[in-house]
Undergrad: 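Let me give you the structure first, and then I'll get to my questions.
For reference, positions follow the sequence shown, starting with 1. Just so you know, these numbers come straight off a predicted model, no measurement behind them.
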Amino acid sequence: MTFDVKTSVLSRVDGSAELFTGTTKVITSVTGPIEPKIRQELPNLASLEIIVRPSVGVSTTREKALEDKLRSILQSIIIRYKYPRQLIQIVVQFLITENNINDNGSNQHNKDFTLTELNAAINCCYFALIDANIALYNSFSSTSISIPSDAKKEEYHINPNMDKLIDSESHHVICFSLKDGNAANLLLLESHGKFTEDQLLLVISKAGSECETIHNTYQRKYIANKVENDFIWKS
């Protein structure tokens with residue numbers, strides 16, 4: 001995966017990141033730990049509030065589904081017991097780009113765009129959480145893989161563009177936790193379309209290698225730069 005990422009892009013939150021990949025651009029902010037509302041408070045853990053906003057219009061069930069998928073990942077990655085009776089708020093805002101609007105000027109909210117945006121949101125959340133200094137059990141990363149409609153054996157596309165998505169038979173988003181630079185646990189597998197068991201196993205295997213590449217190429221480099229720039233004992 002190749003993407004452009006910037007952090008600390010927002011001034012009134014504890015951490016933020018902007019990520020642009022393919023046809024998707026997203027900004028994520030992290031606020032917390034902060035005092036929660038009474039109904040949100042948990043006695044032994046931090047509560048999570050995740051808000052997903054579309055690039056145009058108001059939130060629908062589509063955004064609520066994305067919120068649930070992000071929550072399933074983040075509640076197992078964030079060390080929540082370190083922040084009892086506190087709230088961590090994560091806001092994901094998708095932005096309009098020239099490539100993700102159709103001729104009528106409205107967003108194409110089909111399943112392919114949903115999975116593409118989910119993939120971008122997961123990776124953007126990681127950089128925003130690190131920027132906010134939120135404690136994590138492990139690093140994590142996500143990748144997108146499609147299988148062409150006329151696929152031969154072991155044929156696939158990693159992080160496909162829109163043309164490949166339109167022509168694909170199935171599309172998958174896979175997220176792994178990472179430990180010592182290696183893919184550890186499968187955190188999310190979201191699939192649409194028709195595929196065989198062998199194709200699914202191939203996708204999971206290739207996704208693990210791609211998530212390791214993202215971690216070693218982008219995430220470790222970013223963390224090293226953050227430590228060097230932020231801490232007083234830098235050389």
Undergrad: If two hydrophobic side chains count as joined below 4.5 Å and joins carry through other members, does Tyr83 share a cluster with Leu45?
TA: no
Undergrad: Would you give the length of the straight line joining atom OG of Ser16 to atom CD1 of Ile27, rounded to the nearest 0.5 angstrom?
TA: 8.0 Å
Undergrad: Enter the distance from Thr31:OG1 to Asp14:CG here, rounded to the nearest 0.5 Å.
TA: 5.5 Å
Undergrad: Please lay out, stage by stage, how Asp131 and Ser8 fare under the test side chain to side chain donor-acceptor pair (under 3.5 Å).
TA: CA-CA 7 Å; Asp131 191 52; Ser8 299; 2.8 Å; yes
Undergrad: Checking Val91 against Arg53 for the side chain to side chain contact (heavy atoms under 4.5 Å, CB included) test, could you report, in this order, the C-alpha distance in whole Å, the side-chain angles of both residues, the deciding distance, and whether it holds?
TA: CA-CA 8 Å; Val91 179; Arg53 294 171 177 163; 3.9 Å; yes
Undergrad: Got a donor-acceptor contact below 3.5 angstrom from the Gln199 side chain to the Thr196 backbone?
TA: yes
Undergrad: If you compare all heavy atoms of Glu212 against all heavy atoms of Gly181, which two are closest, and at what distance to 0.1 Å?
TA: CG-O, 3.6 Å
Undergrad: State, to 0.1 Å, how close Ile134 and Gly32 come at their nearest heavy-atom pair, and which atoms those are.
TA: CD1-O, 3.9 Å
Undergrad: Decide yes or no for Asp4 and Leu19: does some side-chain heavy atom of the first lie under 4.5 Å from some side-chain heavy atom of the second?
TA: no
Undergrad: Scan side-chain atoms only and decide if Tyr126 and Ser139 contain a donor-acceptor pair under the 3.5 Å cut-off.
TA: yes
Undergrad: Identify which one of Leu188, Ile214, Ile204 satisfies the side-chain contact (heavy atoms from CB on, under 4.5 Å) criterion when paired with Phe176.
TA: Ile204
Undergrad: Hydrophobic clustering (ILVMFWY, side-chain heavy atoms < 4.5 Å, transitive) - are Val5 and Ile90 grouped together?
TA: yes
Undergrad: Which pairs, with at least one residue in residues 172-188 and sequence neighbours excluded, count as a side chain to side chain donor-acceptor pair (under 3.5 Å)?
TA: Ser170-His172, His172-Ser191
Undergrad: Starting from the C-alpha separation in whole Å, work towards a yes-or-no answer on side chain to side chain contact (heavy atoms under 4.5 Å, CB included) for Thr143 and Asn159.
TA: CA-CA 7 Å; Thr143 190; Asn159 301 303; 3.5 Å; yes
Undergrad: Restricting to non-hydrogen atoms, name the atom on Ala121 and the atom on Val92 that form the minimum distance, rounded to 0.1 Å.
TA: CB-CG1, 4.0 Å
Undergrad: Does the distance from a Lys or Arg side-chain N to an Asp or Glu carboxylate O, for Lys194 and Glu169, drop under 4.0 Å?
TA: no
Undergrad: For the atom pair CG (Leu74) and CG (Leu129), what is the distance rounded to the nearest 0.5 Å?
TA: 6.0 Å
Undergrad: Determine whether Thr114 and Arg62 satisfy the following criterion, side chain to side chain donor-acceptor pair (under 3.5 Å), listing intermediate values before the conclusion.
TA: CA-CA 8 Å; Thr114 300; Arg62 174 177 176 272; 3.0 Å; yes
Undergrad: Distance alone, cut at 3.5 Å: any donor-acceptor contact between the side chains of His171 and Ser144?
TA: yes
Undergrad: Write down the atom of Ile122, the atom of Cys175, and the distance for their closest heavy-atom approach.
TA: CG2-SG, 3.9 Å
Undergrad: So which heavy atom on Ile174 is nearest to which on Leu189, and how close?
TA: CG1-CD1, 3.6 Å
Undergrad: Atom CZ of Phe20 and atom SG of Cys124: how far apart are they, to the nearest 0.5 Å?
TA: 13.0 Å
Undergrad: Hey, mind stepping through Leu118 and Lys69 against side chain to side chain contact (heavy atoms under 4.5 Å, CB included) and telling me if it holds?
TA: CA-CA 8 Å; Leu118 174 62; Lys69 296 181 194 309; 3.8 Å; yes
Undergrad: Under the side chain to side chain donor-acceptor pair (under 3.5 Å) rule, what do Ser142 and Asn119 come out as? Steps first, then yes or no, please.
TA: CA-CA 6 Å; Ser142 169; Asn119 180 46; 2.7 Å; yes
Undergrad: Looking at CG of Leu115 and OG of Ser146, how far apart are the two atoms once the value is rounded to the nearest 0.5 Å?
TA: 11.0 Å
Undergrad: Keeping the roles fixed (side chain from Glu63, backbone from Thr60), state whether a donor-acceptor pair exists under 3.5 Å.
TA: yes
Undergrad: Roughly how far apart are Asp150 CG and Glu155 CD, rounded to 0.5 Å?
TA: 6.5 Å
Undergrad: What about Ile79 and Phe127, same hydrophobic cluster or not, with Ile/Leu/Val/Met/Phe/Trp/Tyr joined at side-chain heavy-atom distances under 4.5 Å?
TA: no
Undergrad: Would you say that more than 12 heavy atoms from the other residues, nucleotides or ligands in this model lie under 6.0 Å from the NZ of Lys206, or not?
TA: no
Undergrad: Thinking salt bridges, do Lys37 and Glu49 make one under a 4.0 Å N-O criterion?
TA: no
Undergrad: Are Glu67 and Leu70 close enough that some pair of their side-chain heavy atoms sits under 4.5 Å apart?
TA: no
Undergrad: If you compare all heavy atoms of Leu165 against all heavy atoms of Pro160, which two are closest, and at what distance to 0.1 Å?
TA: CD2-CG, 3.6 Å
Undergrad: Flag yes if Val30 and Ile223 sit in one hydrophobic cluster, no otherwise; membership is Ile, Leu, Val, Met, Phe, Trp, Tyr, and two members link when side-chain heavy atoms are under 4.5 Å apart.
TA: yes
Undergrad: Partners of Asp68 by side chain to side chain donor-acceptor pair (under 3.5 Å), sequence neighbours excluded?
TA: Arg71
